[in-house]
Trainee: 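Here's a structure for you.
In what follows, every heavy atom counts, from backbone to side chain, and hydrogens, waters and symmetry copies are set aside. Note on naming: letters A, B, ... go to the chains in the order of the sequence lines (proteins, then strands), and numbering restarts at 1 for each one.
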Protein chains: 2
Amino acid sequence: MGLSSRSAVAIHALTLLARWGGKSLTSAEIADSLESNPVLVRRILGSLRDAGLVWATEGRGGGWTLAREPRQITLHDAFAAVEPGPILSRHPHPPSAECEVGRNIQALLEVEFQDAERAMQERLGRTTIADLRQRVFDIERELGLKR
Amino acid sequence: MGLSSRSAVAIHALTLLARWGGKSLTSAEIADSLESNPVLVRRILGSLRDAGLVWATEGRGGGWTLAREPRQITLHDAFAAVEPGPILSRHPHPPSAECEVGRNIQALLEVEFQDAERAMQERLGRTTIADLRQRVFDIERELGLKR
DNA sequence: CGAACTGTAATGAGGTTAGTTACAGTTCGA
DNA sequence: TCGAACTGTAACTAACCTCATTACAGTTCG
């Protein structure tokens with residue numbers, strides 16, 4: 001089935017915050033764009049806050065803002081903040097040490113899986129929130145011209 | 001938490017089959033190496049059979065053998081056979097079309113996520129079952145010399 | 001004080017995973 | 001031709017995760 005959709009939600013929220021510049025948005029406003037729930041948003045944005053990607057201010061008039069420039073936040077930053085642990089699962093329990101393959105395969109697979117995960121993360125690290133914001137701008141501008 | 005451990009099990013089983021050359025192994029023998037259950041093995045090897053990676057022969061004396069040369073089977077082949085669907089989950093439901101970001105983010109993310117998944121799959125495609133078998137041989141030989 | 005926020009616990013429905021039991025179907029050898 | 005040794009599957013379980021929701025305590029500001 002794959003991983004959770006938290007990365008998609010996180011990237012969406014970060015792009016939304018970037019879209020509105022320094023303006024702070026409430027979890028309810030972000031939830032509106034996601035057609036989701038403010039509590040869900042606060043949980044995911046909470047992870048982003050713990051990772052140093054956003055700020056939250058409490059109380060009346062509070063909300064969320066980016067803690068860094070959009071071009072200093074990559075998709076991998078968002079991914080790593082909300083998706084803990086490895087992507088590819090290892091053996092559910094250690095294989096048999098009696099078997100030539102069993103006693104060696106875990107260490108060999110670990111290297112392969114880490115390399116594969118790293119390749120994905122590197123690719124995610126090449127796109128920034130500023131890139132996504134720019135593309136949203138471009139698409140919207142083009143639509144505006146056609147109208 | 002990540003994906004299922006089926007890829008690890010599948011790669012383990014394929015390496016085991018490669019280790020024993022053309023000899024056919026029963027699901028019980030493979031399960032012994034995995035310290036797991038024959039039914040689980042048959043389910044996962046069944047996917048590998050559907051993907052054309054292994055053969056199964058039924059009845060007494062039956063079992064499993066590789067359907068291709070070990071160097072013609074990559075870790076990605078095993079992965080793709082047992083792990084259906086995308087790795088990175090998309091939005092749980094479509095975002096708001098009222099929002100500039102909401103109505104564009106899905107298409108933008110789709111490209112990024114597909115690229116990222118492809119990067120991982122490409123890396124998995126660079127290692128073959130023959131590579132793993134060779135490394136098992138090498139490790140075992142080195143241990144043998146030290147003794 | 002009270003409205004408008006964040007932070008977080010608790011809960012529930014639905015789905016997936018890993019594992020198991022059970023059993024039907026197939027093959028081969030004695 | 002019977003029975004042992006296999007594969008192929010269905011059905012079931014406990015544990016866990018995800019997404020969503022309700023509820024409420026804490027914070028801030030007018």
Trainee: In terms of side-chain heavy atoms of A/S4, which of D/dC19, C/dA18, C/dA22 is nearest?
Mentor: D/dC19
Trainee: Side-chain contact, heavy-atom cut-off 4.5 Å: A/L88 with A/E112?
Mentor: no
Trainee: Polar pairs (N or O, both sides) under 3.5 Å between protein and nucleotides 4-7 of chain D?
Mentor:
from	atom 1	to	atom 2	distance (Å)
D/dA5	N3	B/R60	N	3.2
D/dT7	OP1	B/S27	N	3.0
D/dT7	OP1	B/W64	NE1	3.0
D/dT7	OP2	B/S27	OG	2.7

Trainee: Which base, if any, makes a Watson-Crick or G-U wobble pair with D/dA11, both distances under 3.5 Å?
Mentor: C/dT20
Trainee: Looking at side-chain heavy atoms only, is the closest gap between B/L108 and A/I139 below 4.5 Å?
Mentor: yes
Trainee: Just how far, in rounded Å, is C1' of C/dG12 from CG of A/L40?
Mentor: 14 Å
Trainee: Hey, could you give me the CZ/CD distance between B/R90 and B/E110, rounded to the nearest 0.5 Å?
Mentor: 4.0 Å
Trainee: Would you please say whether a donor-acceptor pair under 3.5 Å links the side chains of B/N104 and B/E100?
Mentor: no
Trainee: Can you tell me how far C1' of D/dT9 sits from CG of B/L45, to the nearest Å?
Mentor: 15 Å
Trainee: Does D/dG30 have a Watson-Crick or wobble partner in any strand here, with both distances under 3.5 angstrom, and which is it?
Mentor: C/dC1
Trainee: In whole Å, what is the span from the CG atom of A/D50 to the P atom of C/dT8?
Mentor: 8 Å
Trainee: Measure the distance from CD1 on A/I30 to C1' on D/dA20 and round it to the nearest whole Å.
Mentor: 17 Å
Trainee: How about A/H12 and A/S33: does a side-chain donor come under 3.5 Å of a side-chain acceptor?
Mentor: yes
Trainee: Can you tell me how far C1' of C/dA18 sits from CG of B/L3, to the nearest Å?
Mentor: 15 Å
Trainee: Please determine, by modelled atom types, if B/D131 and B/T128 share a side-chain donor-acceptor pair under 3.5 angstrom.
Mentor: yes
Trainee: Taking 4.0 Å as the cut-off, does a side-chain nitrogen or oxygen of B/H93 come that near to OP1 or OP2 on D/dC19?
Mentor: no
Trainee: Between C/dA10 atom P and A/R43 atom CZ, what is the distance in whole Å?
Mentor: 12 Å
Trainee: Are A/R133 and A/T15 linked by a side-chain donor-acceptor pair shorter than 3.5 Å?
Mentor: no
Trainee: Counting only side-chain N and O atoms of B/S89, is one of them less than 4.0 Å from OP1 or OP2 of D/dT18?
Mentor: no
Trainee: Check the phosphate of D/dT18 against A/R6, side-chain N and O only, distance under 4.0 Å to OP1 or OP2. Yes or no?
Mentor: yes
Trainee: A/V39 side chain: which of D/dC19, D/dA23, C/dA18 is closest?
Mentor: D/dA23
Trainee: Report the distance from atom CG of B/N37 to atom P of D/dT13, rounded to the nearest whole Å.
Mentor: 17 Å
Trainee: Can you tell me how far P of C/dA18 sits from CG of B/L34, to the nearest Å?
Mentor: 12 Å
